[in-house]
Participant: 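Shown below is the structure under consideration.
The basis for the numbers below is simple: all heavy atoms, side chains too, and nothing from hydrogens, waters or symmetry mates. Chain letters run A, B, ... following the sequence lines, proteins first, then strands; residues in each count from 1.
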Amino acid sequence: MSLPPLVEPAAELTKDEVVRYSRHLIIPDVGVDGQKRLKNAKVLVVGAGGLGSPALLYLAAAGVGTLGIVDFDVVDESNLQRQIIHGVSDVDKPKAVSAKESIAEINPYVTVNLHQEHLNSENALDIFRDYDLILDGTDNFATRYLVNDAAVLLGKPYVWGSIFRFEGQVSVFWEDAPDGKGLNYRDLYPEPPPPGMVPSCAEGGVLGVLCASIGSIMVTEAIKLLTGIGEPLLGRLMVYDALEMTYRTVKIRKDPEGEKITELIDYEAFCGVVSQDAQQAAAGSTITVQDLKAKIDSGEDFQLIDVREPHEYEIVKIPGSVLIPKDRILSGEALSELPQDKPIVLHCKSGGRSAEALAALHKAGFSDAVHVGGGVLGWARDIDPSLPTY
Amino acid sequence: MKVRLNDDIVELADGATVADALDHLGYSPNGLAVAVDGEVVPRAAHRKTRLVEGTTVDVLSAVQGG
């Protein structure tokens, strides 16, 4: 069932606009009425990167009257493999400016507003307020939760897409949707994965053309919402697998026990590397992998404890370590297994989890415990490059 | 009982829940969504939702790239 159109029609289309949009106008479901709605629409695209590039180009070509672009980054040569709104001559130029110039070339009837700032809890509501619809094409969890929460607080719908390597996910979130269909991103993913668990595209790579596959679905959903046609992805998550070449959808339900969003929070901390406790514990109690090597070589008496999970321990370990997963330390369950007569050195994959466990140990009275910054990955990189990494 | 877990047929104890399926994979639920027969089970219901023979369970991971 389609939703009511988000936007009222503009008063008229000019003769030039009728010519330009004629292939839309002769589709009965769009027609002059739908095109006038697009003309009147104000759409904000957060991020002029991989998803933002095709999204902005197609939104502009489709005749969305006002486009806002939030981006504070500049074009880098490594962007050009997928961010097709930017070209060679745009390298080092602000992405927002480069995008605006490309849009002007495609459709001069589009008004473009630039928001060349880092989206944060202070400015998000003000930036979002004037737009009918938001498209989220950002590249990090912190901004994604911020976009969601700001959209919820303002009652605005938004189209969400994310990509990694060969896989993309798309949905429409709208807490205030009519007919009890409302839900938001937190109903799907209540919180982000632990820091470091899910790599970004910069860390893990992305097939360039995946941006077009997902960005075009995002624009399709935007046009449907603005003009009130078709069945929106609200309440469904679309998962695209480029290698299998499959699109599948799963239904999403409102989480009845989900916490109500009442204000914007500190999203860096929400998604952040480690907790404040862990940061404090790690300050002054962090050793390097070289320090650890020196301790082992000099025959110092201490217990090295690996706080990762068993399957990680199987992949690679530092010689002499014993495995006690972090959660067993945090719950207090493993405290009795810890040696009382010698100092404890903790490590994990890269230093985040061991810092959390360190905070728990310090609280439990193991005040001389330290952890290894960089973890087993640092060990494999700097001390024993023959070890596998993961 | 046998369930299809991320495209693999696995054996889980009778009465196993969505949470048990995640445990089987060694996953913590943070940043994951679990769909049972094509429908995402809200986090709060993971321990209450029992799987039956032949259920299809898909674990989806949040991705951040854009």
Participant: Just so I understand: if I count every heavy-atom pair under 4.5 Å between each of A:Thr143, A:Leu51, A:Asp139 and chain B, which residue has the most?
Facilitator: A:Asp139
Participant: Tell me, for B:Asp37 versus chain A, whether the close heavy atoms (under 4.5 Å) come from the side chain, the backbone, both or neither.
Facilitator: neither
Participant: Take A:Arg165 and B:Val63, measure what side-chain contact (heavy atoms from CB on, under 4.5 Å) needs, and give me the verdict at the end.
Facilitator: CA-CA 10 Å; A:Arg165 291 187 178 159; B:Val63 289; over 6 Å; no
Participant: Among the options A:Ile163, A:Val250, A:Leu210, A:Leu188, pick out the one with the most heavy-atom pairs lying under 4.5 Å from chain B.
Facilitator: A:Ile163
Participant: Quick check for you: among A:Asp327, A:Val46, A:Asp255, A:Val206, which has the greatest number of heavy-atom pairs under 4.5 Å with chain B?
Facilitator: A:Asp255
Participant: Non-hydrogen atoms of chain B under 4.5 Å away: do they reach the side chain of A:Leu237, the backbone, both or neither?
Facilitator: side chain
Participant: Just how far is it from atom OH of B:Tyr27 to atom NE2 of A:His311, taken to the nearest 0.5 Å?
Facilitator: 8.0 Å
Participant: Can you confirm whether more than 12 heavy atoms, excluding those of A:Glu259, are under 6.0 Å from its CD atom?
Facilitator: no
Participant: Using 4.0 Å as the upper bound for N to carboxylate O, is an ion pair formed by A:Glu257 and B:Lys48?
Facilitator: yes
Participant: Please say whether more than 12 non-hydrogen atoms of neighbouring residues, nucleotides or ligands are located less than 6.0 Å from CZ in A:Arg253.
Facilitator: yes
Participant: Between A:Glu191 and B:Arg43, is there a salt bridge with N-O shorter than 4.0 Å?
Facilitator: yes
Participant: Can you confirm whether more than 12 heavy atoms, excluding those of A:Tyr58, are under 6.0 Å from its OH atom?
Facilitator: no
Participant: Under 3.5 Å, is there a donor-acceptor pair between the side chain of A:Arg144 and the main chain of B:Gln64?
Facilitator: yes
Participant: Considering all heavy atoms of both residues, which atom of B:Asn30 and which atom of A:Pro192 are nearest to each other, and what is their separation?
Facilitator: CB-O, 3.8 Å
Participant: Among A:Glu309, A:Arg248, A:Lys254, A:Glu167, which has the most heavy-atom pairs under 4.5 Å with chain B?
Facilitator: A:Arg248
Participant: Do you know which of A:Asn140, A:Thr249, A:Ile214, A:Asp187 has the most heavy-atom pairs with chain B at a distance under 4.5 angstrom?
Facilitator: A:Asn140
Participant: I'd like to know if the side chain of A:Gln169 reaches the main chain of B:Ser61, judged simply by a donor and an acceptor atom lying under 3.5 Å from each other, with no hydrogens or angles considered.
Facilitator: yes
Participant: So which of B:Ala35, B:Ala44, B:Pro42, B:Pro29 has the biggest tally of heavy-atom pairs under 4.5 Å with chain A?
Facilitator: B:Pro42
Participant: Using non-hydrogen atoms only, which part of A:Arg82 is less than 4.5 Å away from chain B: side chain, backbone, both, or neither?
Facilitator: neither
Participant: If you count heavy-atom pairs under 4.5 Å with chain B, which of A:Gly137, A:Gly50, A:Ser162 comes out on top?
Facilitator: A:Ser162
Participant: Passes side-chain contact (heavy atoms from CB on, under 4.5 Å), A:Val239 versus B:Leu60? Steps please.
Facilitator: CA-CA 9 Å; A:Val239 182; B:Leu60 304 163; 4.0 Å; yes
